[in-house]
Amino acid sequence: MKTLIQAFRTKELRNKILFVFAMIIIYRIGSFIPIPGVDYKVIRACTAKLASSKENFIGLVNLFSGGSLLQLSIFALGVMPYITASIVIQLLRVVIPRFEALHKEGQSGETKLTQYTRYLTIGLAVLQSTTILVTARSGALFNYQCGQVIPDGSFWSLIVMVLIMTGGTGLIMWMAELITDKGIGQGMSVLIFMSICSGFLPKLWDIGWGTNGSNGDWTKFSIVAGVLLVILIFVDFVELAQRRIPVQYTRRMIGRKMYGGSSTYLPLKINMSGVIPPIFASSILAVPTLIAQFGDKRQPWVNWIELNLANSTSAWYIGLYTVMIVFFCFFYTEITFNTDESADNMKEYGGFIPGIRAGSATSRYLTYVMNRLNTVGAIYLLFVALIPTVLIMALHLNTKLPFGGTTILIIAGVGLDTLRQAKAQTEQFQYAGFLFKHDEQKQVSK
């Protein structure tokens with residue numbers, strides 16, 4: 001609160017915050033504007049019956065779009081195409097040497113990779129919007145027979161709707177980049193944060209108030225709210241934790257000047273993979289469920305999928321979810337943090353870890369440390385991701401919790417990052433402390 005108050009007292013920071021609020025208002029307004037060609041009354045009837053939504057692929061897209069996916073609005077895709085494109089570009093660095101070379105070029109290379117990410121975002125938006133509209137047309141999107149969501153299923157009508165949804169994704173991407181350049185925080189993260197929070201309090205309130213003021217339980221509401229607060233504090237503590245590996249730089253003579261000789265550290269987070277493992281695991285487990293919705297209900301394999309993979313409390317779902325989170329935790333960290341590259345960079349600038357020989361020995365030591373951190377990080381991710389399932393089973397809740405593992409990680413991570421940036425920019429406009437220290441030094445010198 002102190003950081004926010006100080007930010008509003010500074011005109012430049014206040015304008016940045018108000019600009020972010022203006023972008024968020026535009027984003028939320030667009031989330032309620034339906035695309036042409038859909039029957040909004042039928043959509044309202046279907047979403048009213050949709051009492052719960054698991055964190056599968058459709059659930060994640062709906063989560064990141066602030067609920068606009070199930071309303072088929074112009075911002076129905078939200079930021080999901082951009083997130084998917086960013087992850088794909090990062091993974092392609094391992095496969096395509098050109099992308100790895102661009103990553104090593106610095107700012108110019110990152111600008112080129114960002115341009116590729118934008119192109120891929122538009123392509124994914126076309127693909128995802130077509131899939132969602134076809135799924136909504138067949139009735140599998142809502143899994144309820146409420147009526148025909150898209151009355152006009154002609155080819156040209158589908159093309160117009162795909163173009164509008166793709167244009168909405170492009171507009172969101174532009175707004176996010178404006179927030180990053182002219183506001184506070186990372187634009188995409190801020191929009192995701194607000195999308196999640198837009199439906200957070202109503203769903204939490206429904207546990208205590210119930211449906212239309214009935215079937216509520218304030219004891220369960222207090223338990224869920226208390227557990228949520230404790231988990232958020234725990235996640236903040238872990239996300240801020242670091243394993244600091246000391247690094248010593250030798251002195252080098254360049255011309256007539258001496259450089260180096262300083263001591264620093266290499267910060268390694270416990271959760272290097274972030275929120276990616278739960279997203280990947282949920283998305284992959286959602287594929288069989290999505291396929292089963294188009295199958296015959298009388299088929300044994302369809303019944304098995306709906307019984308085991310469509311139910312987040314089943315033993316099969318929990319087991320596969322656990323294995324995938326652990327796998328992607330190690331896999332994604334291996335891609336994003338290259339120990340060989342870090343060891344080579346350290347050696348190139350004359351740095352070494354005390355007691356460890358530079359080069360391959362440093363790489364092996366970093367790999368050893370990262371494997372230990374990933375083990376702890378995987379256990380931490382499993383704990384956060386499975387807490388909602390445990391609460392549903394323990395409290396016998398018949399409604400979806402207002403938070404999941406992915407939700408908690410995003411809220412904590414984005415909140416900490418935005419607050420850190422706001423505090424850093426606030427300190428740039430505070431001169432009182434520096435002036436006071438300068439006056440004290442002058443008094444001592446006199």
Side-chain angles (χ1 to χ4, degrees), residues 52-57 59-60 62-64 83 87 189 192-193 195-197 199-201 203-204 207 220 222-243 268-286 311-315 317-333 336-337 370-395 397 399-420:
S52 63
S53 176
K54 303 177 182 62
E55 283 196 6
N56 50 27
F57 179 74
L60 285 173
N62 189 55
L63 175 70
F64 291 159
I83 295 174
I87 295 173
S189 301
I192 294 173
F193 181 84
S195 298
I196 294 174
C197 292
F200 188 81
L201 292 178
K203 291 180 181 179
L204 182 63
I207 298 177
K220 294 181 179 179
S222 302
I223 295 175
V224 171
V227 170
L228 173 62
L229 181 61
V230 172
I231 293 176
L232 283 175
I233 295 175
F234 172 72
V235 170
D236 288 341
F237 177 78
V238 175
E239 292 296 327
L240 291 174
Q242 292 179 349
R243 168 68 192 276
L268 299 178
K269 294 179 61 177
I270 294 178
N271 181 25
M272 294 285 288
S273 56
V275 74
I276 299 301
I279 291 179
F280 275 13
S282 301
S283 302
I284 292 176
L285 287 175
N311 184 11
S312 61
T313 58
S314 67
Y317 186 92
I318 294 176
L320 292 175
Y321 192 55
T322 301
V323 172
M324 288 184 182
I325 285 180
V326 174
F327 170 76
F328 285 117
C329 183
F330 282 85
F331 175 73
Y332 191 76
T333 304
T336 55
F337 182 76
M370 286 306 306
N371 288 335
R372 297 179 65 185
L373 288 177
N374 280 334
T375 302
V376 179
I379 297 174
Y380 155 73
L381 284 178
L382 285 175
F383 172 77
V384 176
L386 294 179
I387 277 293
T389 303
V390 174
L391 280 178
I392 292 175
M393 297 173 64
L395 300 178
L397 295 174
T399 182
K400 185 181 185 297
L401 287 176
F403 61 90
T406 307
T407 307
I408 296 173
L409 291 172
I410 291 175
I411 290 177
V414 176
L416 286 174
D417 182 64
T418 306
L419 185 61
R420 190 183 298 114

- request: Would you please test L268 and F337 for side chain to side chain contact (heavy atoms under 4.5 Å, CB included) and show each step?
  value: CA-CA 10 Å; L268 299 178; F337 182 76; 3.7 Å; yes
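- Between the N374 side chain and the M370 main chain, a donor and an acceptor come within less than 3.5 Å of each other.
- Contact detail for K269 and L373: the closest heavy-atom pair is O-CD1, 4.0 Å.
- Rounded to the nearest 0.5 angstrom, D236 CG and I408 CD1 are separated by 11.0 Å.
- I411 pairs by the side-chain contact (heavy atoms from CB on, under 4.5 Å) definition with F193, I196, F200, L232, T407, not counting sequence neighbours.
- Note that CD1 of I379 and CD1 of I325 are 12.5 Å apart. Values are rounded to the nearest 0.5 Å.
- Between Y332 and F328, the ring center distance fails the sub-6.0 Å criterion.
- The shortest side-chain heavy-atom distance between F234 and E239 does not fall under the 4.5 Å cut-off.
- A distance of 13.5 Å separates CZ in F331 from CE in M324, rounded to the nearest 0.5 Å.
- The CG atom of N271 lies 6.5 Å from the SG atom of C329; values are rounded to the nearest 0.5 Å.
- Looking at residues two or more places apart in sequence or on another chain, you find a side-chain hydrogen bond (donor to acceptor under 3.5 Å, both in side chains) between R372 and Y368.
- Residues satisfying the side-chain contact (heavy atoms from CB on, under 4.5 Å) criterion with I318, sequence neighbours excluded, are T322, L386, T389.
- Here CZ of F330 is found 9.5 Å from OG of S273. Values are rounded to the nearest 0.5 Å.
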- prompt: Does the pair F327 and F280 meet the rule for a side chain to side chain contact (heavy atoms under 4.5 Å, CB included), with working shown?
  reply: CA-CA 10 Å; F327 170 76; F280 275 13; over 6 Å; no
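- Between I192 and V414 there is no side-chain heavy-atom pair separated by less than 4.5 Å.
- Put simply, CG on L240 and CD1 on I270 are 10.5 Å apart, with the number rounded to the nearest 0.5 Å.
- Of all heavy-atom pairs between L409 and G274, the closest is CD1-O, 4.4 Å.
- Across all non-hydrogen atoms, the minimal contact from P278 to Y321 is CB-OH, 3.8 Å.
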